[in-house]
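Reading through the structure tokens given below for one structure.
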Amino acid sequence: MKSLILIPFIRDSFENYQKSACGITLDIGRQRINQKELLSLIDFVKEKKMIESFNEMRKGKIVNASEHRSAPEFDSGF
């Protein structure tokens, strides 16, 4: 039988696992990743400019050229 290896919760290795804005709190404390993995994920998001792409998508710009249209879920004007 294989032994079960439990990865610690992010809250066990990272101080700032909650962020709040506009009355909404994001709590990633119960995710089973460590601080190094989280920081790598953040670096990846920055490298791929995902925040900028998301903002462009929200503005109705084409972010997936293969579809030749904006994202329909954001067409309502949010």
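- Hydrophobic clustering, with ILVMFWY side chains joined whenever heavy atoms are under 4.5 angstrom apart, keeps Val45 apart from Leu39.
- For the atom pair Glu47 CD and Ser40 OG, the distance stands at 11.0 Å (nearest 0.5 Å).
- The distance from the CZ atom of Phe9 to the CZ atom of Arg32 is 3.5 Å, given to the nearest 0.5 Å.
- Note: the hydrophobic cluster containing Leu26 does not contain Ile51 (ILVMFWY, side chain heavy atoms under 4.5 Å, direct or indirect links).
- Here the closest non-hydrogen pair linking Asp27 and Gln18 is OD2-NE2, 3.0 Å.
- With sequence neighbours excluded, no residue forms a side chain to side chain donor-acceptor pair (under 3.5 Å) with Glu52.
- Taken to the nearest 0.5 Å, the CD atom of Gln31 stands 10.5 Å off from the CG atom of Leu41.
- Under the 6.0 Å distance and 45° angle rule, Arg11 does not count as a cation-pi partner of Tyr17.
- When side chains are defined from C-beta on, Ile28 counts as touching Leu38, because their heavy atoms get closer than 4.5 Å.
- Summarising the geometry, atom CZ belonging to Arg30 is positioned 13.5 Å from atom CD1 belonging to Ile10; distances are rounded to the nearest 0.5 Å.
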